[in-house]
Amino acid sequence: MERLFDTLHAHLINVLENLKQAEVLPQEADLSNVALEQPKDETHGDLATNAALVLAKQAKTNPRALAEQILPKLLEHKAIKSGDVAGPGFINLRITGDAWLSEAQLVLADSEAYTKTDVGHGQKVMVEFVSINPTGPIHIGHGRNAVLGDTLCRLLEKTGYNVYREYLVNDAGNQILTLVLSVHARYLELFGEKLELPEDGYVGEYIIEIAQALKDKDGNKWLTVICPDELLSELREFCVNACMDLTKGDLDELGIWFDRYHSEWEMHQQGDPLAKAVKALREKEYVYEGKLEAPKGKDIKDYQPVDLTLFKATEYGAEQDKPIYNRRGNATYFGQDIAYHQHKLDRGFERLITVIGADQQGNFTPLKWALEALTGYKDVLHPFYYAHVKTLRDGQPVKLSKRAGNIIALSDVVREVGGDVYRFHMLTRKGDTPLTFDLAKAVEKSMDNPVFYVQYAYARMAAVFRQQEEMGIPSVDASQADTSVLNSQQAINVLRHIILYPQMLEKASVAVEPHRIAFYAMDFAAAFHSWYNAEKFLDAENLPATYARLLVVQAAQLVLKDVLAVMHVTAPEKM
RNA sequence: GCGCCCAUAGCUCAGUUGGAUAGAGCAACUGCCUUCUAAGCAGUCGGUCGGGGGUUCGAAUCCUCCUGGGCGCGCCA
């Protein structure tokens with residue numbers, strides 16, 4: 001697929017290489033910072049390059065003089081209508097109508113191929129996301145994690161990565177015992193016994209539902225069992241599965257799925273990846289036996305230093321080294337994380353991305369160090385941090401769900417505002433920006449709620465083609481299209497968005513910033529709305545002009561549909 | 001005490017990884033429906049990019065020091 005943008009970029013590089021031959025540029029000139037980009041101000045041109053600015057110093061001349069030497073060579077390409085040197089030395093270019101039109105036809109020929117790129121080169125990347133403890137329903141904050149993670153996966157897939165989605169089911173910790181005991185207490189209550197919840201037990205009504213299901217399945221089988229260890233081993237799987245079913249159901253409503261739900265408990269049954277990791281780290285002298293000082297900033301009575309297996313976190317600037325095993329010889333949380341990530345590496349993943357709350361940085365950073373020490377690569381593990389979601393209704397705090405255990409349940413919110421609104425809203429902030437979600441505003445059909453703005457643009461495109469049929473305008477004949485009408489600022493702005501779409505995806509993918517897709521979508525919709533208001537597309541008296549515009553609208557519709565698909569937001573034909 | 005994140009228009013936020021006169025939406029005000037959907041468009045108003053210093057052709061962006069906010073900080077989970 002020969003996209004216009006790629007063609008012109010290659011042309012630009014070729015021109016610069018030729019200038020090296022002509023000794024205008026030094027042989028060793030570095031072209032890596034040369035960019036073909038969209039000027040901020042559209043009156044500056046359809047595309048612009050900073051080449052002269054970047055290379056002036058190396059060529060020992062001033063940027064504007066160099067630009068004047070580059071420009072005529074660039075103009076030799078038939079897709080370029082005109083160009084000029086502007087500002088400190090930018091070269092602004094304008095595209096011919098014919099080139100725009102053939103670009104639209106390229107999109108129409110195969111929009112799938114047009115929008116797909118390959119920065120990933122098939123690299124095996126695992127994205128771990130959601131991974132909440134299997135102890136209850138998912139809440140609205142976790143939903144942000146889910147949407148960011150899922151959109152990131154779709155984005156990575158589109159840009160050529162081989163993506164694997166994993167959910168870590170943390171079913172091996174103490175919280176599972178608490179879950180089992182909470183369910184059992186409710187189970188006893190169903191048989192008329194007095195309720196005695198365990199300390200810090202789970203209080204949501206879903207626990208009663210799980211207890212009821214247990215009763216329906218096993219009758220009074222567990223009535224006389226009181227030993228916690230026995231209850232844990234017998235009921236662990238049932239309770240965890242019941243909770244995971246709640247979570248999976250909630251995620252399913254948003255169209256989110258995983259390649260694997262990775263059970264920590266099962267991993268431990270099958271082997272000990274931690275031993276392998278510790279051995280490797282010990283060989284590299286990142287792990288040793290030693291004692292720790294009492295932690296600073298806290299009052300701890302009777303602190304007794306003991307020998308522990310420690311990771312040299314101080315090598316990376318930490319205050320203290322990190323224990324991998326506690327004094328009883330069990331893996332610490334840090335140790336468990338290393339084990340799990342060793343397991344990921346063992347499965348052949350070259351890059352590990354984890355979508356994780358910003359409050360987890362204190363835990364995650366040492367893990368990043370440990371992986372760096374293990375693999376020798378700095379960025380194998382890439383945390384994608386996201387900030388808290390604050391939920392309001394008309395500026396007031398939202399009532400918590402008793403059923404879900406005093407949280408704001410994701411499923412309640414999605415049921416109220418719809419999946420499209422929720423998903424899009426979660427993408428309208430950069431991940432590490434705290435986000436406020438107002439349920440009352442979310443259903444308003446205003447610019448407070450930009451998902452409608454974007455969907456409306458799509459619906460308007462669809463309406464154009466319905467109207468075309470009603471007016472009896474024949475289907476588009478590209479060979480008769482009059483490209484001279486594609487010269488308005490508004491039309492070109494739409495076209496410019498189309499050709500920059502694959503670029504935008506690549507950049508968002510490399511930066512691990514899925515929110516850029518939402519901002520692009522709003523921008524693109526604005527460009528279309530503006531064009532829609534400025535010109536009438538359908539003119540039965542002038543079919544060649546109509547054909548040219550309709551070709552662009554068709555291409556725009558395919559691109560917008562693709563954008564919405566990456567965010568997994570529906571593209572309505574009518575609103 | 002230490003580490004990480006943040007500070008941009010009255011409010012909520014972007015800012016294409018160092019580029020041109022710092023941009024949107026909301027709010028306020030002014031216009032545009034006999035015309036492909038007004039869930040829209042065009043415009044006005046609004047800025048010491050928290051502050052000082054540095055790096056260079058060029059800084060909201062990079063370095064440094066302040067100020068002010070948020071999160072985290074046992075061998076717990």
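It should be emphasised that the depicted structure is a prediction, and the values quoted were computed from it without experimental measurement. Just so you know, these numbers use all the heavy atoms, side chains as well, and skip hydrogens, waters and symmetry mates. So that the names make sense, note that chain A is the first sequence line, chain B the second, and so on, each numbered from 1.
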* Structure fact -> 5'-most contact on RNA chain B (nearest-nucleotide basis), A:N330 vs A:E573, goes to A:E573

* Identify, residue by residue, the members of residues 381-392 of chain A with a heavy atom below 4.0 Å from RNA chain B, and return them in order of residue number, or none. => none

* Asked: Counting side-chain heavy atoms from CB outward, which of B:C75, B:G40, B:U37 is closest to A:Y453?
  -> B:G40

* **A:R393 with A:E416: basic N within carboxylate O range, under 4.0 Å** => yes

* Asked: Which residue, A:P323 or A:R429, contacts RNA chain B at a nucleotide closer to its 5' end, judged by nearest heavy atom?
  -> A:R429

* Under 3.5 Å, is there a donor-acceptor pair linking the side chains of A:N326 and A:T332? -> no

* salt bridge (Lys or Arg N to Asp or Glu O under 4.0 Å): pairs with one or both residues in residues 526-551 of chain A, sequence neighbours excluded -> A:E535-A:R549

Atom pairs, protein N/O to nucleotides 18-20 of chain B N/O, distance under 3.5 Å:
{"residue": "B:A20", "atom": "OP2", "partner": "A:K40", "partner atom": "NZ", "Å": "2.5"}
{"residue": "B:A20", "atom": "N6", "partner": "A:N92", "partner atom": "OD1", "Å": "3.0"}
{"residue": "B:A20", "atom": "N1", "partner": "A:N92", "partner atom": "OD1", "Å": "3.2"}
{"residue": "B:A20", "atom": "N1", "partner": "A:N92", "partner atom": "ND2", "Å": "3.2"}

* By a strict heavy-atom criterion of less than 4.0 Å, which residues belonging to residues 503-519 of chain A are in contact with RNA chain B? -> A:K507, A:A511, A:H515, A:R516, A:F519

Each nucleotide N or O in nucleotides 5-7 of chain B that has a protein N or O under 3.5 Å away: list the pair and distance.
none

* Hey, do the aromatic rings of A:F437 and A:Y422 have their centres closer than 6.0 Å? -> yes

* Structure fact -> In numerical order, the residues of residues 533-543 of chain A whose heavy atoms come under 4.0 Å of RNA chain B are A:N533, A:E535, A:K536, A:F537, A:L538

